[in-house]
Amino acid sequence: QQDNLLFLWSITVSIFGIGGLLGSSGSRYLTVKFGKKKCLLCNNVLMIAAATIMGCSKIAHSFEMILIGRFMCGVSLCVPLHHQYVGEISPKKLRGSANSTTSFFWSLGKAIGQISGQRELLGSQSLWPMLMASCGFPALVQLVALPFFPESPPYLLIHKGDQEGCKKAIRQLWGEGQHQAEIDDIMKEKATMKNTKILSVLELVKEPAFRWQLYMTAVLTATIQLCGINAV
């Protein structure tokens, strides 16, 4: 029936956001506990599993597999690690431009997905499972390439206290040379974090000094979500 189809379509679209809420809620604990590199690797595995499940949904004649895959994609994509990791492994002079590439490729991926979803390409009745599974390809590339990269130097020094590991990671990323200034900056950040209380979400909401910033962020985020981008 039409009402049931509309309900299933709405659930399929919105479950991505539910997964994103779960992923973003646990991101801080996971990154501190396991590090950004390990979390990214787990994200890639989760995304590949989601792509496989959605790609096989037509063969299995199961719309539930699409729901599960969308939920897993939401958890994986909404753990905000990529821009953090890219920024932390980049030299200071390239950090701004490196961070901006995350938004650029995010938008590029959306554009490619929308173009590929046209009926003349992968949006046809026979090829749509391939379109659903295509999100696993970038995750597979990153899963193969990421083990050759070190852990984030700030994470090693600030959270693990491994100064030698931090120096080794910096040399691997930026080459041999004098990097003491960057290490001193990380040490200053560590000292600042010790003297700064990290607020929980509830404490942040109750803090009057951040209220207007929260209002602006909430309005902008709600506008983005209500524009229909999750339905694309």
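Positions are given from 1 along the sequence.
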Enquirer: Identify the two heavy atoms, one from R70 and one from V13, that lie closest to each other, and give their separation to 0.1 Å.
Expert: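 So the two residues come closest at NH2-O, 3.1 Å.
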Enquirer: Decide yes or no for W174 and E182: does some side-chain heavy atom of the first lie under 4.5 Å from some side-chain heavy atom of the second?
Expert: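 The answer is yes; the side chains approach within 4.5 Å.
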Enquirer: Once rounded to the nearest 0.5 Å, what's the spacing between atom CG of L121 and atom CD1 of I112?
Expert: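 Going from the CG atom of L121 to the CD1 atom of I112 covers 12.0 Å.
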Enquirer: Does any non-hydrogen side-chain atom of M216 lie less than 4.5 Å from one of L214?
Expert: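 A side-chain contact is absent here, since even the closest heavy-atom pair is not under 4.5 Å.
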Enquirer: Please check: side-chain N/O of S76 versus main-chain N/O of C73, any donor-acceptor pairing under 3.5 Å?
Expert: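 It does not hold such a pair.
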Enquirer: Should I11 and I18 be counted in the same cluster of Ile, Leu, Val, Met, Phe, Trp and Tyr side chains packed under 4.5 Å apart?
Expert: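 Hydrophobic grouping puts I11 with I18.
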Enquirer: Any chain of hydrophobic side-chain contacts (each under 4.5 Å) joining L46 to M54?
Expert: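 No, L46 and M54 fall in different hydrophobic clusters.
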Enquirer: Where does the angle between the aromatic ring planes of H159 and Y155 fall among parallel (under 30°), tilted (30 to 60°) and perpendicular (over 60°)?
Expert: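 Judged by the thresholds at 30° and 60°, the geometry between H159 and Y155 is tilted.
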Enquirer: Could you state the interatomic distance from CE (M130) to OG (S124), rounded to the nearest 0.5 Å?
Expert: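 Rounded to the nearest 0.5 Å, the CE-OG separation comes out at 9.0 Å.
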Enquirer: If two hydrophobic side chains count as joined below 4.5 Å and joins carry through other members, does I66 share a cluster with I68?
Expert: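 In one cluster: no.
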Enquirer: Starting from M65, can I reach F7 by hopping between I/L/V/M/F/W/Y residues whose side chains sit under 4.5 Å apart?
Expert: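 Yes: a chain of side-chain contacts under 4.5 Å links F7 to M65.
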Enquirer: Would a 4.5 Å heavy-atom cut-off, applied to side chains only, mark E164 and K168 as touching?
Expert: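 No, too far: nothing below the 4.5 Å cut-off.
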Enquirer: Restricting to non-hydrogen atoms, name the atom on C166 and the atom on I186 that form the minimum distance, rounded to 0.1 Å.
Expert: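 The answer is SG-CD1, 4.2 Å.
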Enquirer: Would you compute the distance between atom OG of S152 and atom CD1 of I158 and round it to the nearest 0.5 angstrom?
Expert: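 So the OG of S152 and the CD1 of I158 are separated by 8.0 Å.
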Enquirer: Report yes if some heavy atom in the side chain of F71 is under 4.5 Å from a heavy atom in the side chain of L22; otherwise report no.
Expert: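 Touching, per the 4.5 Å side-chain cut-off.
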Enquirer: Answer with yes or no whether the hydrophobic clustering places I48 together with L146; edges join I, L, V, M, F, W, Y residues whose side-chain heavy atoms lie under 4.5 Å apart.
Expert: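 Both belong to a single hydrophobic cluster.
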Enquirer: Quick one: closest heavy-atom pair of C135 and M132, and the distance?
Expert: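 Minimum heavy-atom separation between C135 and M132: SG-O, 3.5 Å.
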Enquirer: Would you mind reporting whether L143 and L41 have side-chain heavy atoms less than 4.5 Å apart?
Expert: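 SC-SC contact between L41 and L143 confirmed.
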Enquirer: Taking all non-hydrogen atoms of both residues into account, name the closest pair between A98 and V86 and its distance.
Expert: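 Result for this residue pair: O-CG1, 3.5 Å.
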Enquirer: Over all heavy atoms of both residues, which pair between Q142 and P147 is shortest? Give the atoms and the distance, please.
Expert: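 So the minimum-distance heavy-atom pair works out to O-CD, 4.3 Å.
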Enquirer: Looking only at heavy atoms, which two atoms of Q84 and K36 are closest? And how far apart?
Expert: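 Closest approach of Q84 to K36: OE1-CE, 3.1 Å.
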Enquirer: Checking side chain to side chain contact (heavy atoms under 4.5 Å, CB included) for the pair T12/L67: CA distance, chi angles, key distance, verdict?
Expert: CA-CA 6 Å; T12 304; L67 295 176; 3.4 Å; yes
Enquirer: Testing K167, E88, E151, Q163 one by one against L156 for a side chain to side chain contact (heavy atoms under 4.5 Å, CB included), which residue passes?
Expert: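 Answer after filtering K167, E88, E151, Q163: E151.
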Enquirer: Has K58 got more than 12 heavy atoms of other residues, nucleotides or ligands less than 6.0 Å from its NZ?
Expert: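 Atom NZ in K58 is packed in, count exceeds 12.
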Enquirer: Enter the distance from E64:CD to L8:CG here, rounded to the nearest 0.5 Å.
Expert: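 Answer rounded to 0.5 Å: 8.5 Å.
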Enquirer: Could you give the distance from OG1 (T31) to OH (Y85), rounded to the nearest 0.5 Å?
Expert: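 Between atom OG1 of T31 and atom OH of Y85 there are 14.0 Å.
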